[in-house]
Enquirer: 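Let me give you the structure first, and then I'll get to my questions.
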Amino acid sequence: MATERYNAREAEARWQTVWTEGKVYQTPNDDPRPKYYVLEMFPYPSGRIHMGHVRNYSMGDVVARFKRAKGFNVLHPMGWDAFGMPAENAAMQNKVHPKSWTYQNIATMRGQLQSMGLSLDWSREFATCDVEYYTRQQHLFLDFLAAGLVTRRQSKVNWDPVDMTVLANEQVIDGRGWRSGALVEQRELTQWFLKITDYAEDLLTALDGLDRWPEKVRTMQRNWIGRSEGLRIRFALAGNGAPESARTVEVFTTRPDTLFGMSFLALSPDHPVTKMLAADNPDLAAFVDECHRMGTSVAALETAEKKGFDTGLKVVHPFTGDMHPVYVANFVLMDYGTGALFGCPAHDQRDHDFASKYGLPIHPVVVPEGVDAAGFSVADAPFLDDGRIVNSAFLDGLSVGEAKEAVARRLEAVTLDGAPAAARQVNYRLRDWGISRQRYWGCPIPVIHCETCGVVPVPKADLPVALPDDVEFDRPGNPLDRHPTWRHVACPACREPARRETDTMDTFVDSSWYFARFTAPDADDPTIPAVADAWLPVDQYIGGIEHAILHLLYSRFFTRAMRATGHVNLDEPFRGLFTQGMVVHETYRGPDGAWVSPADVRFEETDDGRKAFLATTGAPVVIGSIEKMSKSKKNTVDPTDIIESYGADTARWFMLSDSPPERDVEWTDAGAQGTNRFLQRVWRLVTEAARDLPAASPAGAPSAEATAILKAAHKALAAVDEAIEGLRFNVALAKIYELVNTLGSAFANDKPRFAADASFTAAFREALGILVQVMAPMTPHLAEECWQALGRDGLVANTPWPAVDPSLLVEDELTLPVQVNGKKRADVTVPRDADAATVEAAALALEAVIKALDGKPPRKVIVVPQRIVNVVA
Ligand code: ANZ
Ligand code: ZN
């Protein structure tokens, strides 16, 4: 009698209802068991979930279900990173309010996530655009402000002169506004900053303790923070036209050892001396304007052609007394170091490019160890490595490190214009975090500007500063600015008419503390510190590598700032971090060269391989390379289509099965079908066994066959346990395949034994139970259905993880190689505890050994216990 196919669609919905109604995944805060907090990076509600989400959330759910079964009180929440530009773009393009667009998307995506059967505590759900959330964020901002962690200062923004609006760096494409196409300018605006640089050193050194983070991510963060030890050196200005008020210029250098190789000094276009000179030099002013038309991003500066303007001024070299020209150069940033540098073309690529362009001297002062200075040329390329100092007077012969120290010592002792000519300085590449955005769909910055009182924080009692709903998106710019009433308020200090801040916060602020809010999502204050401290840090955080720098660094900073203001008492938010690989798929192009979606392609196996055709017309389709799923290449599959045709368990299992989780996984329909067949096979095995196995009867001591079954099950259990613990999901799945094969063939071949051997039946039942339990984290719906078919009590979701019987893991046989005169002839399998005589006898009885000895008795047999048998003929 054939059993019914497993109907995933019907069963999955049914179990989801059971879980929801039983509140199976709701996590109480007051639970005596040890805590475990697993979190996947929360999604942006763009419209629909994609396969990357399916992979990410499947992994997190495996960990959550596994830890729950292992006796932990597991926190596994979900929310929405819901503020940001796309909602405003949709508002401008489709005339839909950002709020309704966002909440509609959330509703769709929540439904999709729920159809995946994730063991989430939905009672803790929130969106960052919920006023209940962002008002607590305003509360944090006010606390940070009071604690001196917020500043306000002038900073450059990308300005679109046609749309009359500020643009984010991502909205500047090749130097032009993404909508208007106008050349973007740089403008100075007063903006709000969070003082992340106060924690630069701490954020750097604490990386050493994050031993459950990928090394790659720690390195990226180290580079981003970019600590360098250097020297500030002041040069005397000389030459016609030096401003009265500026007698010296200070540079920052990490290579004082190259000072004798100096050939120019360069100022930033925004350097105060540049500004003084530009005031009566129109050519220089024009050059500065040209520099301002480049994008503000560091990347834009790095790729731009190096350009300079010779000011005609000179500086005096502190050791040689030589005069060097002073340029204004586009590659010198005002907000790094001192906004000025000395150029040493022989040992720096940018300086080399610059000197080559303007015909400045290129003198090597460092040569590789053991190389003769006379024959060493840097005309074509600078020498950037370590070496020996040459052509440098008192530094000659020193190492780079020694020379840095020697220059620092000498210059610290030299007095220039009444102060030491140099001072040591540690510099960080990390900048303070500018959070002001001139946009509507974000968390309003809770301050008020008063003519008399200046900047006045909104009193906490007046929170929330809620976004107005009645806004217009018919024009570019910030709708909050032109709202008729919203910005007009009374000053909280003097009650006179004042102006509300109309900037909103960078959306990275929203995601910098959501993990803490999940611990007490309904609290009046941003957190309940004792509760947050009990749950945090997040034990396992899982997400994409694209967040390796900003999101993780901001969250680490926020945690420190929240500690400084009493909201939590810890510094590192994420104890373990895992960055998963991407989901990739073949690409297809139709006859007209346009991308074609996999859903519109039909395949045929032909004599020369797999061929693709348009499903509609039958026209040939070109199969292209395998790439990250993306809308632009149309090589996506919709998770909902997959779930509807195969079920969520198939999608979940396939996302975990084929590749190590940190690598890319290729979605193929054949792979999904294969997974589906495998799950059907498990269903058949379990239901047929449940039907055919005799009822349990007293089993007695297990027979050899029963022991073999128990061993296979417990070995698989131990291996799956270890693999999930180490987040090697594909390894866990491989062990489960093995177990299914073992049980499948035992069931097919040893059926007669069930009637005769009660211990075999009992072992088989136990093994099936283990199989269902180890599959439950990956395929939770199928597991419940099987659990029920086996007649087990309750939900597998509530059942403790089975205990491994260690005695079943011991191998009681051993296989040793047998050599005759040093050449391997055979293997011998003996009981693990066999003595030497037994092993010797077994080895000599082997056909291959008898043949090798040619009938003669051996001269000697050496048994190395547990290792090898050597026979000497
Ligand atoms: C002289 C020199 C000689 C330099 C040499 C390098 C190589 P890191 O290591 O990243 O901190 N620099 C200083 N201020 C700058 C600014 N505002 N904008 C752009 N570049 C600036 O970089 C420090 C080096 O970057 C400094 O050391 C300086 O060039 C340059 F063979 O000084 B160096
Ligand atoms: Zn006032």
Side-chain angles (χ1 to χ4, degrees), residues 200 222-233 235 249-274 291 298 301-302 304 306 308 315 317-318 324 327-355 360 362-367 378 381-387 389 391-392 395 400 403-404 407-408 411 422 424-431 447-459 488-500:
R222 280 191 194 104
N223 292 340
W224 187 262
I225 296 170
R227 182 183 198 275
S228 43
E229 283 180 15
L231 201 64
R232 285 198 324 263
I233 304 177
F235 289 86
V249 185
E250 190 171 42
V251 303
F252 171 73
T253 178
T254 47
R255 295 294 305 275
D257 55 300
T258 65
L259 191 51
F260 284 91
M262 167 172 186
S263 69
F264 64 94
L265 187 142
L267 302 170
S268 158
D270 299 305
H271 195 280
V273 171
T274 307
C291 294
V298 174
L301 291 176
E302 253 155 33
K306 311 286 168 286
V315 284
H317 192 284
H324 294 288
Y327 281 80
V328 173
N330 63 349
F331 64 89
V332 188
L333 308 164
M334 192 54 223
D335 62 355
Y336 190 70
T338 60
L341 55 82
F342 82 76
C344 175
H347 304 291
D348 182 89
Q349 186 65 55
R350 288 177 308 186
D351 296 351
H352 197 278
D353 296 349
F354 193 80
L360 299 164
I362 305 180
H363 292 310
V365 288
V366 185
V367 295
V378 286
F383 174 66
L384 305 174
D385 293 339
D386 226 346
I389 306 292
N391 304 329
S392 297
L395 300 177
V400 164
K404 285 181 180 173
V407 170
L411 286 180
R424 295 173 205 253
Q425 180 172 330
V426 173
N427 234 343
Y428 299 92
R429 192 153 287 281
L430 184 67
R431 301 279 76 123
V447 299
I448 288 164
H449 301 276
C450 170
E451 296 259 316
T452 322
C453 314
V455 173
V456 184
V458 173
H488 305 297
V489 281
C491 167
C494 69
R495 311 309 306 168
E496 290 300 311
R499 184 172 54 80
R500 207 183 265 300

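Side-chain atoms are counted along with the backbone in the values below, which use heavy atoms only and exclude waters and symmetry mates. All figures in this text were calculated on a predicted structure; none of them were measured in a lab. Whatever order the structure lists them in is the order used to number ligands and atoms, beginning at 1.
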Enquirer: For the pair H352 (side chain) and V378 (backbone), establish whether a donor and an acceptor sit closer than 3.5 Å, ignoring hydrogens and angles.
Expert: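 A pair under 3.5 Å: yes.
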
Enquirer: Centres of the H363 and F260 rings: under 6.0 Å?
Expert: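 Ring centroids of H363 and F260 are no less than 6.0 Å from each other.
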
Enquirer: Under 2.8 Å from the Zn ion (ligand 2), which protein N/O/S atoms are there?
Expert: C450 SG, C453 SG, C491 SG, C494 SG

Enquirer: How long is the span from the CG atom in D353 to the CG atom in D348, to the nearest 0.5 Å?
Expert: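 Here the interatomic distance stands at 8.5 Å.
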
Enquirer: Please assess V458 against V489 for the test side chain to side chain contact (heavy atoms under 4.5 Å, CB included), listing each intermediate value before the final yes or no.
Expert: CA-CA 11 Å; V458 173; V489 281; over 6 Å; no

Enquirer: At less than 3.5 Å, what protein N or O atoms come close to the N or O atoms of ligand 1? Include the distances to 0.1 Å.
Expert:
{"residue": "ligand 1", "atom": "10 (O)", "partner": "R429", "partner atom": "NH2", "Å": "2.4"}
{"residue": "ligand 1", "atom": "11 (O)", "partner": "S228", "partner atom": "OG", "Å": "2.6"}
{"residue": "ligand 1", "atom": "11 (O)", "partner": "Y336", "partner atom": "OH", "Å": "2.4"}
{"residue": "ligand 1", "atom": "17 (N)", "partner": "L333", "partner atom": "O", "Å": "2.7"}
{"residue": "ligand 1", "atom": "17 (N)", "partner": "Y336", "partner atom": "O", "Å": "2.9"}
{"residue": "ligand 1", "atom": "18 (N)", "partner": "L333", "partner atom": "N", "Å": "3.0"}
{"residue": "ligand 1", "atom": "20 (N)", "partner": "R350", "partner atom": "NH2", "Å": "3.3"}
{"residue": "ligand 1", "atom": "27 (O)", "partner": "T253", "partner atom": "OG1", "Å": "3.4"}
{"residue": "ligand 1", "atom": "27 (O)", "partner": "T254", "partner atom": "N", "Å": "3.1"}
{"residue": "ligand 1", "atom": "27 (O)", "partner": "T254", "partner atom": "OG1", "Å": "3.3"}
{"residue": "ligand 1", "atom": "32 (O)", "partner": "T253", "partner atom": "OG1", "Å": "2.7"}

Enquirer: Working to the nearest 0.5 Å, report the span between CZ of F252 and OG of S228.
Expert: 4.5 Å

Enquirer: According to the interplanar angle, ranging from 0 to 90°, do the rings of F354 and Y327 count as parallel (below 30°), tilted (30 to 60°) or perpendicular (above 60°)?
Expert: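 Correct class here is perpendicular.
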
Enquirer: Run the side-chain hydrogen bond (donor to acceptor under 3.5 Å, both in side chains) test against Y428 and tell me which residues pass, sequence neighbours left out.
Expert: E201

Enquirer: List for me each residue that meets salt bridge (Lys or Arg N to Asp or Glu O under 4.0 Å) alongside D257, sequence neighbours excluded, and say none if there are none.
Expert: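 So D257 forms a salt bridge (Lys or Arg N to Asp or Glu O under 4.0 Å) with R255.
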
Enquirer: Which value, rounded to the nearest 0.5 Å, describes the distance between T254 atom OG1 and K404 atom NZ?
Expert: 6.0 Å

